[in-house]
Amino acid sequence: EIFAAQSFSKNFGLYNERVGHLTYVTSDSVASAKVKSQMSIIVRRLWSNPPNHGCRIVATVLNNPALYSEWKDNVKTMADRVISMRQALFQALRRLGTPGTWEHLVKQIGLFSFTGLKKTQVELLRSKFHIYVISDGRINMCGLTPTNVDYVASSMHSVLVDSQ
């Protein structure tokens with residue numbers, strides 16, 4: 001038995017619409033009926049009539065060959081950009097001789113990357129260099145650009161060296 005949730009908020013740029021779905025597989029029809037009943041109660045408490053703008057946008061894009069092709073190209077462009085920024089940050093940190101191993105930056109996938117920075121280092125990065133990283137050390141790779149990646153890397157380097 002399994003529950004699987006999928007969000008389309010990021011890959012369709014529909015952050016306010018919260019487009020996604022929940023799929024569940026049960027071992028028998030009795031269990032399925034029970035899950036459906038509980039899900040109906042939960043959904044009813046959350047919203048009586050959920051918004052459908054986002055799902056209409058997704059359906060339009062996925063069912064129109066030209067729009068679908070354009071969307072796939074756009075997703076590929078953004079994915080390639082994130083990969084290139086991961087690589088650029090990795091190379092800059094290595095070039096600086098920054099303490100630690102940084103291969104995880106290029107092995108991870110997605111918009112965020114775990115840096116390994118501690119909360120105190122993140123706070124220093126924020127207060128001293130005005131670089132905003134989530135307190136647990138994750139960085140949004142989309143915030144990196146070819147013009148700021150060296151600054152981010154040198155700031156991370158400084159924070160890591162100073163805290164040793």
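Heavy atoms only: backbone and side chains are in, while hydrogens, waters and symmetry mates are out. Fair warning: this is a prediction, and the values are worked out from it, not measured in the lab.
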task = Find the distance between NZ (Lys72) and CG (Asn74) and round it off to the nearest 0.5 Å.
result = 12.0 Å
note = Heavy-atom closest pair (Cys142 atom, Val82 atom, distance to 0.1 Å) is SG-CG2, 3.8 Å
ask   = Does a side-chain heavy-atom distance below 4.5 Å link Thr145 with Arg81?
value = yes
key: Pair Lys118-Asp136, salt bridge (Lys or Arg N to Asp or Glu O under 4.0 Å): steps then yes or no   = CA-CA 7 Å; Lys118 298 175 185 157; Asp136 67 3; over 6 Å; no
message = Filter on ring-ring contact (aromatic ring centres under 6.0 Å, His included), then keep only pairs touching residues 84-103, sequence neighbours left out; what's left?
response = Trp102-His104
ask   = How many angstroms lie between CG in Leu160 and OG1 in Thr115, if you round to the nearest 0.5 Å?
value = 8.0 Å
ask   = Hey, are the side chains of Leu105 and Leu93 touching, using non-hydrogen atoms and a 4.5 Å cut-off?
value = yes
key: Test item: His21 and Ser7 side chains (from C-beta on) under 4.5 Å apart, heavy atoms   = no
inquiry  = Check for me, please, whether Val75 and Ile57 land in the same ILVMFWY cluster - side-chain distances under 4.5 Å, paths through other members count.
reply    = yes
Co-membership, hydrophobic cluster, residues Met78 and Ile139, 4.5 Å side-chain = no
ask   = Do the side chains of Leu67 and Thr60 get nearer than 4.5 Å, heavy atoms only?
value = yes
query = Which distance, rounded to the nearest 0.5 Å, do you find between the CE of Met39 and the CG of Leu22?
reply = 6.5 Å
key: Intermediate values then yes/no, side-chain contact (heavy atoms from CB on, under 4.5 Å), Thr23 and Phe3   = CA-CA 6 Å; Thr23 301; Phe3 276 82; over 6 Å; no
message = Can you list everything that forms a ring-ring contact (aromatic ring centres under 6.0 Å, His included) with Tyr68? Sequence neighbours excluded, please.
response = Trp71
task = Test side-chain contact (heavy atoms from CB on, under 4.5 Å) on Ser135 and Arg126 and set out the steps.
result = CA-CA 10 Å; Ser135 295; Arg126 185 178 301 135; 4.2 Å; yes
message = Less than 4.5 Å apart, side chain to side chain, heavy atoms only: is that true for Val152 and Leu125?
response = no
query = Could you go step by step and tell me if Asn140 and Tyr132 meet the side-chain contact (heavy atoms from CB on, under 4.5 Å) rule?
reply = CA-CA 9 Å; Asn140 185 333; Tyr132 300 92; over 6 Å; no
inquiry  = Here's one to test your reading of the geometry: is the NZ or CZ of Arg138 within 45 degrees of the ring axis of Phe112 and under 6.0 Å from its centre?
reply    = yes
task = Verify, without hydrogens or angle tests, whether Thr98 (side chain) and Arg94 (backbone) share a donor-acceptor contact under 3.5 angstrom.
result = no
ask   = With a 3.5 Å cut-off and no angle check, do the side chains of Glu1 and Thr26 form a donor-acceptor pair?
value = no
task = Kindly compute the distance separating CD (Gln121) from OG (Ser163), expressed to the nearest 0.5 Å.
result = 4.0 Å
Donor-acceptor pair, side chain of Asn148 and main chain of Gly143, under 3.5 angstrom = yes
message = To the closest 0.5 Å, what do you measure between CD (Gln91) and CG (Leu89)?
response = 10.0 Å
query = Are Ser154 and Asp150 side-chain neighbours, meaning at least one heavy-atom pair lies under 4.5 Å?
reply = no
query = So how far is it from Met85 CE to Leu111 CG, rounded to the nearest 0.5 Å?
reply = 14.0 Å
ask   = Should Leu117 and Ile134 be regarded as members of a common hydrophobic cluster, given that ILVMFWY residues are connected when their side-chain heavy atoms come within less than 4.5 Å of each other, either directly or indirectly?
value = yes
Co-membership, hydrophobic cluster, residues Val149 and Ile83, 4.5 Å side-chain = no
message = Side chains of Ser155 and His157: any donor to acceptor distance under 3.5 Å?
response = no
Exceeds 12 heavy-atom contacts within 6.0 angstrom, atom CD1 of Ile109 = no
key: Cluster check Tyr151, Val122: I/L/V/M/F/W/Y, side chain < 4.5 angstrom   = yes
request  = Could you tell me whether the side chain of Ile131 reaches within less than 4.5 Å of the side chain of Met156, counting heavy atoms only?
outcome  = no
task = Tell me, yes or no, whether the heavy-atom count around Arg56 atom CZ, taken from other residues, nucleotides or ligands under 6.0 Å, exceeds 12.
result = no
inquiry  = Between Asp28 and Lys34, does any NZ, NE, NH1 or NH2 come within less than 4.0 Å of an OD or OE carboxylate oxygen?
reply    = no
key: Ser32 vs Tyr24 side-chain heavy atoms within contact, under 4.5 Å   = yes
query = Is it true that a side-chain atom of Ser37 and a backbone atom of Ala33 form a donor plus acceptor pair closer than 3.5 Å?
reply = no
message = Check whether Ser69 reaches the backbone of Pro65 with its side chain - one donor and one acceptor, N or O, closer than 3.5 Å.
response = no
